[in-house]
Amino acid sequence: MRHLRTLLAITVAMTFLLGVSVALRPVEVPPTAAVQCDESVLTTSSGKVTSSSCDGELASRVSGLLDSSVGDVADILDISWVRRVDVVVPASDTELVSLVGPAFADMAGVAIRDGSGQRVVINRVRAAALSDLELGVLLRHEITHVATRDQTSDAAPLWLVEGFADWVAFHGTGLSLRQAAPLLTPDVSALPSDFGGAGRDLAYQQAYSIMVYLESRLGERGVVDFFLRNASSSAVGPGAVDVAGWREFLRTSIG
């Protein structure tokens, strides 16, 4: 809400031939009316987008991408799921934190499951700055989490869960590994694990590159099978990912 602004009184003495002085009185600007934001719901064939009417532009962009994003994920995943996703764009930081928790409030999107079912929560500030390509990647990533939730253990390794979601999200974009993961270097010696600290962005990109590496060895269907075979476990078996082979793949792919 904008604060009331009052113009300072301006007194100007004007001496005319007749010796008359005129003083201008203070002028007050009337208060600006508060903007009323109401709940808005946009419905598509694949779900709905709930937001504040003040975030209508972002909500419209999300709803415009929702059907194709759900379809893209469904085309890759040969599993049974509802193929419908509800998206929420919280109207305030307080509402955002209440849904995703403080640890994830700085992320552009988070897939959650609560008493209202599974939903994708979009950070209005972070997401509004994304291009349509980036917003589509974000939606497909979170929709992948929704689609695979029943196949995924809470203790599944994050490099597998997040790497696979990114692999699905970037599928078909035409972006090279370097373009999709600009922080990558070939200097890897272990599977990524720092998904909550300062190295979070790099960990996500390393996890994605593992899936791209596996695709080069197993093919597209092989990556999906690898994920479904391991996601229900708390750990992937020793040697499931050849770290030396992954490192060599990075050296030849990104230099």
Side-chain angles (χ1 to χ4, degrees), residues 37-101 104-154 156 161-173 175 180 204 208 211 220 224 227-228 231:
C37 299
D38 301 314
E39 183 180 271
S40 171
V41 179
L42 300 177
T43 303
T44 77
S45 60
S46 300
K48 64 182 180 182
V49 180
T50 303
S51 71
S52 158
S53 58
C54 294
D55 294 315
E57 181 179 354
L58 175 59
S60 179
R61 291 177 63 207
V62 171
S63 66
L65 292 168
L66 188 56
D67 287 346
S68 62
S69 296
V70 169
D72 289 342
V73 173
D75 286 344
I76 296 174
L77 294 176
D78 185 20
I79 59 175
S80 175
W81 64 293
V82 295
R83 301 192 180 193
R84 180 179 178 84
V85 177
D86 290 341
V87 180
V88 179
V89 184
S92 66
D93 291 344
T94 301
E95 183 183 359
L96 175 66
V97 171
S98 72
L99 289 172
V100 306
F104 300 100
D106 68 329
M107 302 189 75
V110 180
I112 66 170
R113 173 185 277 179
D114 57 17
S116 299
Q118 291 199 82
R119 292 174 290 169
V120 172
V121 180
I122 298 295
N123 183 320
R124 56 197 283 271
V125 175
R126 293 286 301 275
L130 300 179
S131 67
D132 285 347
L133 173 64
E134 293 166 333
L135 186 58
V137 169
L138 172 64
L139 286 173
R140 290 190 295 275
H141 178 106
E142 301 306 334
I143 290 170
T144 300
H145 287 321
V146 171
T148 59
R149 185 65 186 87
D150 290 337
Q151 287 79 27
T152 306
S153 165
D154 289 338
V161 177
E162 299 300 339
F164 182 72
D166 260 358
W167 179 77
V168 174
F170 281 106
H171 190 274
T173 61
L175 295 176
Y204 270 84
Y208 167 63
M211 297 300 134
E220 181 179 308
V224 176
F227 172 80
L228 295 175

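All figures in this text were calculated on a predicted structure; none of them were measured in a lab.
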Judged by atom type as modelled, is there a donor-acceptor pair below 3.5 Å linking the side chain of [X] to the main-chain atoms of [Y]?
X    : Y    : result
S60  : E57  : no
N123 : A105 : yes
S53  : D38  : yes
T148 : T144 : yes

So, taking the atom named [atom1] in [X] and the one named [atom2] in [Y], what distance separates them when rounded to the nearest 0.5 Å?
X    : Y    : atom1 : atom2 : result
F170 : L133 : CZ    : CG    : 8.0 Å
R119 : K48  : CZ    : NZ    : 9.0 Å
D55  : C37  : CG    : SG    : 7.5 Å
S98  : D114 : OG    : CG    : 9.5 Å
L77  : F164 : CG    : CZ    : 5.0 Å

Side-chain heavy atoms of [X] within contact of [Y], under 4.5 Å:
X    : Y    : value
L99  : P90  : yes
W167 : V224 : yes
W81  : V73  : yes
V62  : L139 : yes

For side chain to side chain contact (heavy atoms under 4.5 Å, CB included), just list the numbers for H171 and D72, CA-CA rounded to whole Å, side-chain angles, deciding distance to a tenth of an Å, and then say yes or no. CA-CA 9 Å; H171 190 274; D72 289 342; over 6 Å; no
Intermediate values then yes/no, side chain to side chain contact (heavy atoms under 4.5 Å, CB included), R140 and T173: CA-CA 11 Å; R140 290 190 295 275; T173 61; 3.4 Å; yes
What verdict does the side chain to side chain contact (heavy atoms under 4.5 Å, CB included) test give for R84 and V70, after you've listed the backbone C-alpha separation in whole Å, the side-chain angles of each residue and the deciding distance to 0.1 Å? CA-CA 7 Å; R84 180 179 178 84; V70 169; over 6 Å; no
How far apart are the closest heavy atoms of A91 and S52, and which atoms are they?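 Closest approach of A91 to S52: CB-CB, 3.6 Å.
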Looking at H145 and A165, what are the two nearest heavy atoms and their distance? CE1-CB, 3.5 Å
Is it true that, when you exclude D78 itself, more than 12 heavy atoms of the residues, nucleotides or ligands shown sit nearer than 6.0 Å to its CG?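 At most 12 heavy atoms, drawn from other residues, nucleotides or ligands, come within 6.0 Å of this atom.
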Indicate yes or no: does R149 engage D154 in a salt bridge with an N to O separation below 4.0 Å.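 So R149 pairs with D154 through a salt bridge.
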Less than 3.5 Å apart, any donor N or O on the side chain of D67 or S46 sitting next to an acceptor on the other?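 Yes, side-chain donor-acceptor contact under 3.5 Å.
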Can you tell me which residue among T44, V89, T43, I122 is in a side-chain contact (heavy atoms from CB on, under 4.5 Å) with V49?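 Single side-chain contact (heavy atoms from CB on, under 4.5 Å) partner of V49 among T44, V89, T43, I122: V89.
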